[in-house]
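Letters A, B, ... are given to chains in the order of the sequence lines, protein chains preceding strands, and every chain is numbered from 1.
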Amino acid sequence: MDTAERRDLMTRYTEEVVTDEELLDVLERDSPSAYIGYAPTGEMHIGHFTTIRKLADFLRAGVEVTVLVADLHAHLDDEKSPFDLLDARTDYYQQAIEAMVEVAGADPENIEFVQGREFELDQPYTLDLYRMLADTTISRATRAGSEVVRQSDNPKLGGLVYTLMQSLDVAALDADIAYGGIDQRGIYMLAREMLPDYGYDKPVCVFAPLLSGLTGGKMSASDAASKVNLTDDRETVREKLGQAYCPMGEVEDNGVLEYARYLVFPLLEEQDEAFQVERPEKFGGDLVYEDYESLEADFVSEDLHPQDLKNATADHIADAVAPVRERLLADSDLLATAYPDQYD
RNA sequence: CCGCUCUUAGCUCAGUCUGGCAGAGCAGUCGACUGUAGAUCGACUUGCCCCCCGUUCAAAUCGGGGAGAGCGGACCA
């Protein structure tokens, strides 16, 4: 693969790259590295799956991948995770991520996992943090984290420190590329702005799109019906997609189409398989799609009915989730210790 | 350390002054309409009124104590 091909592989199905020139430049280096961070808060879901699937593309493009399980962040963001559950949730996140990477056709052994506290409590990280705290206005930090950190009428300091720490994570993990959902954009733009002041390189940023929820609008952690969980069985996946917002012929805000595009098709492509749609004879019989574009074209022209799209997408998603689900449920303590309120 | 305000349905909040069946909007559930969902229409559900003690025939409401949250003041030789 030449550099341009590697760049194309890394940036397919993404929302934005900052900047393309810098990415090409990084890929020319000896051992380019990328990192993505997840704060181990609530249970992981299908939205995480789409961003994690891309890690397989990174590895194929010859980029070293580090996954940060940002346990301190999980607590700093409005105490989403109680302090004494951070280790249990870190363990759960790592296992869930490994399982998803495997489904994506990559070897999780090739990914380096790091827990936030392993380096975020040491120097020079902490010294840099204090310098940055002195150097950053409240409004700047607020703006940077406004799409990531939970907003409230009485925000805590933790949410502001969060954004500065995430900026420093890039430098501390020595990552050339910061990868994450487009919601992370504000924080990484702050990182690009500030890190050079502290003697670090500014990171190249690759942003994944955020998928629409199944109920229309954004996917919401607090709305169980808006997303497929990694522990959902086939029947539950079918029910959730069956209830999904999916207007005939409309692409906008259509979570079902987006799941097909950003998760199902990339996975099928990896396995060299096509998208199968089972359809009753009276509606025209079965269909097969080799790529997303032709599926979308049929949907827009209303040759593919939402009900048939839902059935087919649900089955493909259930297939993708099944191995992850099995692994997570195989260890009966894993979820129970990470989420004692949900699993007792 | 002192003072003030707030705490009621999953969420946002009325109701407290002047004690009398626990409320609204949104959300949710179920039907109708659609070969999906949504929208629309129809119906339905939702409670430790923060906790304890007291007054009263009767307390979300009044009194006392406590908890949690928020705001302000003071202290700064």
Side-chain angles (χ1 to χ4, degrees), chain A residues 41-43 45-47 50 75-85 138-139 142 146-147 149-161 210-229 232-265 275-289 292 294-321 339-344:
Chain A
T41 53
E43 284 189 58
H45 52 73
I46 200 89
T50 62
H75 189 68
L76 282 169
D77 185 4
D78 201 34
E79 300 173 278
K80 280 179 180 172
S81 288
F83 201 75
D84 57 3
L85 290 180
I138 290 173
S139 60
T142 302
S146 61
E147 294 294 317
V149 173
R150 180 179 284 165
Q151 304 293 300
S152 80
D153 290 340
N154 301 292
K156 307 285 202 296
L157 287 176
L160 300 178
V161 176
L210 294 189
L211 303 196
S212 298
L214 292 175
T215 49
K218 290 182 179 176
M219 198 182 301
S220 164
S222 56
D223 181 4
S226 77
K227 62 195 194 312
V228 170
N229 280 65
D232 287 343
D233 59 21
R234 183 169 299 273
E235 199 46 44
T236 306
V237 174
R238 280 201 175 120
E239 281 173 21
K240 285 185 178 177
L241 268 87
Q243 290 170 357
Y245 172 78
C246 189
M248 172 110 70
E250 265 186 44
V251 176
E252 196 177 340
D253 278 343
N254 192 324
V256 182
L257 271 184
E258 290 179 23
Y259 284 16
R261 178 179 193 174
Y262 291 106
L263 184 63
V264 176
F265 271 101
F275 190 101
Q276 311 278 345
V277 179
E278 287 182 31
R279 186 168 65 173
E281 281 304 324
K282 64 172 175 172
F283 295 127
D286 295 352
L287 293 165
V288 177
Y289 294 100
Y292 170 76
S294 54
L295 179 146
E296 185 185 292
D298 266 12
F299 186 75
V300 169
S301 66
E302 302 187 4
D303 290 319
L304 175 60
H305 190 277
Q307 182 66 75
D308 300 316
L309 171 69
K310 283 180 171 183
N311 292 341
T313 307
D315 274 330
H316 284 108
I317 289 175
D319 289 344
V321 167
Y339 303 96
D341 290 347
Q342 281 77 29
Y343 303 81
D344 42 27

Exercise for review: Report the distance from atom CD of A:Gln307 to atom P of B:A37, rounded to the nearest whole Å.
Suggested key: 7 Å
Exercise for review: Quote, to the nearest angstrom, the C1' distance that separates B:C26 from B:C6.
Suggested key: 22 Å
Check your understanding: Just how far, in rounded Å, is C1' of B:G68 from CD of A:Glu79?
Key -> 13 Å
Review point. Is B:U7 paired to anything, Watson-Crick or G-U wobble with both distances less than 3.5 Å, and if yes, which nucleotide?
Key: B:A67
Review point. Applying a 3.5 Å limit to both distances, which nucleotide forms a Watson-Crick or G-U wobble pair with B:U61?
Key: none
Point to revise | B:C50 to B:C11 separation - P atoms, rounded to the nearest Å | key: 13 Å
Exercise for review: Could you give the distance separating B:G23 and B:U29 at their P atoms, to the nearest angstrom?
Suggested key: 24 Å
Review point. For the pair made of CD in A:Gln243 and C1' in B:G28, what is the distance, rounded to whole Å?
Key: 12 Å
Exercise for review: Check whether any side-chain heavy atom of A:Leu257 lies under 4.5 Å from a side-chain heavy atom of A:Tyr292, and answer yes or no.
Suggested key: yes
Exercise for review: Quote, to the nearest angstrom, the P distance that separates B:G54 from B:A60.
Suggested key: 15 Å
**Study point:** Rounded distance (Å) that lies between atom P of B:G35 and atom CD of A:Glu281
**Key:** 20 Å
**Study point:** Interatomic distance at P, B:G47 relative to B:G66, whole Å
**Key:** 32 Å
**Study point:** Parallel, tilted or perpendicular, as decided by the 30° and 60° cut-offs, for the rings of A:Phe265 and A:Phe275
**Key:** parallel
Exercise for review: Answer whether the closest heavy-atom distance between the side chains of A:Arg279 and A:Leu287 falls below 4.5 Å.
Suggested key: yes
Practice item. Could you check how far CG of A:Leu257 sits from P of B:U36, rounded to whole Å? Key: 17 Å
Review point. A:Asn254 has an atom CG; how far is it from atom C1' of B:A37, in whole Å?
Key: 9 Å
Point to revise | A:Val277 and A:Leu309, any side-chain heavy atoms less than 4.5 Å apart | key: no
Check your understanding: Using the P atom in both, what is the distance from B:U61 to B:C41, to the nearest Å?
Key -> 39 Å
**Study point:** B:A58 versus B:U18 - spacing of their C1' atoms, nearest Å
**Key:** 16 Å
Study note, to complete from the structure: Looking only at B:G35, B:U36, B:G38, the nucleotide nearest the A:Tyr245 side chain is B:G38
Practice item. Using Watson-Crick or G-U wobble geometry with both distances below 3.5 Å, tell me the partner of B:A24, or none. Key: B:U12
Revision key, fill the gap. In Watson-Crick or G-U wobble terms, with both distances under 3.5 Å, the base opposite B:C17 is none
**Study point:** Same-atom distance (P) from B:C17 to B:C62, integer angstrom
**Key:** 5 Å
Review point. Base, sugar-phosphate, or nothing for A:Asp308, non-hydrogen atoms under 4.0 angstrom?
Key: base
Check your understanding: B:U56 pairs with which nucleotide, Watson-Crick or G-U wobble, both distances below 3.5 Å?
Key -> none
Review point. Considering every strand shown, what is the Watson-Crick or G-U wobble mate of B:C33 when both distances are under 3.5 Å?
Key: none
Review point. What nucleotide among B:G70, B:A37, B:G35 has an atom nearest to a side-chain atom of A:Lys156?
Key: B:G70
Point to revise | Pairing nucleotide - B:C2, Watson-Crick or G-U, each distance under 3.5 Å | key: B:G72
